[in-house]
2 protein chains.
Amino acid sequence: MKKAKPSLKLEVERAFKALGEPTRLVILRLLAEQELCVCELEEVMDISQPRISHHLKVLREAGLIAQRREAQRSICSLNQEGLSRVVEAYHAYMTEPLSVMVEFREMHERLTNLDGNSCERKSYGKACL
Amino acid sequence: MKKAKPSLKLEVERAFKALGEPTRLVILRLLAEQELCVCELEEVMDISQPRISHHLKVLREAGLIAQRREAQRSICSLNQEGLSRVVEAYHAYMTEPLSVMVEFREMHERLTNLDGNSCERKSYGKACL
DNA sequence: CGCTTATATCAATATTTATTAATATAAAGG
DNA sequence: CCTTTATATTAATAAATATTGATATAAGCG
């Protein structure tokens, strides 16, 4: 069976996490210049091959790049719509009603019930001294 | 003295890193509903106050939220242009010529000199057996 | 097939980041 | 001032992620 589609929130988190790492930002920027295979990235960036492969996997799973085989080589290319997809997902996440997102069920309830006395409720002890 | 403006790459990295974390994504989503002070976030999210403060700092430094004082309270609000700013910075990062970005100086050189023999150069030993 | 090239995966370690508990600071109010 | 409320900061710990070194897999070649 294929893996279930992650929630909007998880999808957004995964994409931004992939984008928020220096090595991966370099890979993306280089792929913006031209397609590169793994060993070329290795040579240009001067870092180890497993390290490249690891980051490529993260980027691929976030939908930011594509990889295809060509003989033994794995050719990497930038997914041009990558970021706009992420931005769309983020926008959907930010506008989807809280009542619709399961992970917000309880928080939505508490948010609705806010009465302006949140701080007072967290008394700092010494009450009975 | 004020701190120097970070490079485009660092700016982008910081913003995406701020966005790629589940607790912060919740804070952002709640602030999309309404302004909230720290203790309200604490109550709605049901997590500790220092934890909230820590994440607020990260979000603030990434330019994604604003905080203002009102009496003892610190009122947090979503920076509406936050994401578009980030997207613009990312776009600038991805299109700025490699020759212009200092951190790409050496990589740009090696990229230019790629000759299609990157893989062969990384011989796997046994050459002399 | 056996061999080489190219990439992927895995387990162990290092590094970074988040969380907690304790404490410090800031802002009223009596 | 002293006290309470609200938030921030700090040091210690826990958890997540990146890196490395070793090894496995995959694809062409003789």
Side-chain angles (χ1 to χ4, degrees), chain A residues 10 13-14 16-27 35-62 65-76 114 116-129, chain B residues 10 13-14 16-27 35-62 65-76 114 116-129:
Chain A
L10 279 174
E13 180 191 337
R14 167 147 65 171
F16 283 137
K17 199 163 280 183
L19 286 163
E21 204 279 336
T23 304
R24 289 194 286 270
L25 280 178
V26 169
I27 293 175
E35 290 190 341
L36 292 165
C37 73
V38 175
C39 69
E40 288 172 329
L41 283 169
E42 198 183 337
E43 170 148 331
V44 172
M45 298 179 66
D46 193 30
I47 64 179
S48 76
Q49 176 265 314
R51 193 174 155 192
I52 298 273
S53 282
H54 165 68
H55 289 298
L56 290 176
K57 184 178 185 181
V58 174
L59 290 169
R60 183 162 23 88
E61 289 177 345
I65 65 164
Q67 274 179 285
R68 68 171 195 279
R69 273 277 179 183
E70 230 170 68
Q72 297 117 315
R73 302 196 174 191
S74 176
I75 313 284
C76 311
L114 277 186
N117 294 333
S118 302
C119 295
E120 290 84 43
R121 268 192 290 284
K122 304 178 184 60
S123 72
Y124 290 79
K126 306 185 185 174
C128 306
L129 296 186
Chain B
L10 279 174
E13 180 190 336
R14 168 148 65 171
F16 283 138
K17 200 164 279 182
L19 286 162
E21 204 278 338
T23 303
R24 290 193 286 268
L25 281 178
V26 169
I27 293 176
E35 291 190 341
L36 292 164
C37 73
V38 175
C39 68
E40 288 172 329
L41 282 169
E42 197 183 339
E43 169 149 332
V44 171
M45 297 178 66
D46 194 29
I47 64 180
S48 76
Q49 176 266 311
R51 193 173 156 192
I52 298 273
S53 283
H54 165 68
H55 288 298
L56 289 176
K57 184 178 186 182
V58 175
L59 290 169
R60 181 162 25 87
E61 289 177 346
I65 66 165
Q67 275 180 284
R68 67 170 195 280
R69 274 276 179 185
E70 232 170 64
Q72 298 116 315
R73 301 195 176 191
S74 176
I75 313 286
C76 311
L114 277 186
N117 293 333
S118 303
C119 294
E120 290 85 43
R121 268 192 290 283
K122 304 179 182 59
S123 71
Y124 292 80
K126 306 185 183 175
C128 307
L129 297 186

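Computation of the quantities below employed the complete heavy-atom set of this structure, encompassing side-chain atoms and omitting hydrogens, waters and symmetry-equivalent molecules.
Partner E70(B) forms a side chain to side chain donor-acceptor pair (under 3.5 Å) with one of R68(B), Q72(B), R73(B) and no other, that one being R68(B).
When all heavy atoms of I52(B) and E42(B) are compared, the pair lying nearest together is CD1-N, 3.9 Å.
In this structure, CZ of R51(B) is placed 18 Å from P of dT9(D), rounded to the nearest angstrom. Following rounding to the nearest Å, E40(A) (CD) and dT5(C) (C1') show an atom-to-atom distance of 14 Å. Here dA27(D) presents its P atom at 10 Å from CD of Q72(A), a figure rounded to the nearest Å. The interatomic distance linking E13(B) (CD) with dA18(D) (P) rounds to 11 Å, in whole Å. Nucleotide dA8(C) holds its P atom 13 Å from the CZ atom of R73(A), rounded to whole Å. In this structure, the CZ atom of F16(B) is 16 Å from the P atom of dT17(C), given to the nearest Å. Atom CD of Q49(A) is separated from atom P of dG21(D) by 13 Å (rounded to the nearest Å). Residue I27(B) contributes atom CD1, which lies 14 Å from atom C1' of dT7(D) at whole-angstrom precision.
Contacts of Q67(A) with the nucleic acid, taken as non-hydrogen atoms under 4.0 Å apart, involve only primed sugar atoms and P, OP1 or OP2. Counting non-hydrogen atoms under 4.0 angstrom, R24(A) reaches the backbone sugars and phosphates but no base.
Applying the 4.0 Å criterion to OP1 and OP2 of dT20(C), one finds that S48(B) has a side-chain N or O inside that range. Considering only side-chain N and O atoms, T23(A) lies under 4.0 angstrom from the phosphate OP1 or OP2 of dT19(D). Taking only side-chain nitrogens and oxygens, S74(A) comes nearer than 4.0 Å to OP1 or OP2 of dA8(C). For K17(B), a side-chain nitrogen or oxygen approaches OP1 or OP2 of dT17(C) to under 4.0 Å.
Closest to the E21(A) side chain, of the nucleotides dT7(D), dT19(D), dT19(C), is dT19(D). When each of dT9(D), dA28(C), dA8(D) is scored by its nearest atom to the side-chain atoms of R69(B), the top-ranked nucleotide is dA8(D). Of the candidates dT19(C), dT7(C), dA18(D), dA18(D) carries the atom nearest the H54(A) side chain, counting heavy atoms from C-beta on.
Salt bridge annotation for E13(A)-R24(B): absent, with no cationic side-chain nitrogen under 4.0 angstrom from a carboxylate oxygen.
With the nearest nucleotide of DNA chain C identified for both P50(B) and H55(B), H55(B) has the one nearer the 5' end.
Note that CD of E40(B) is 9.5 Å distant from CG of N117(A), once rounded to the nearest 0.5 Å.
For the residue pair T23(B) and R51(B), a side-chain donor N or O sits within less than 3.5 Å of a side-chain acceptor on the partner.
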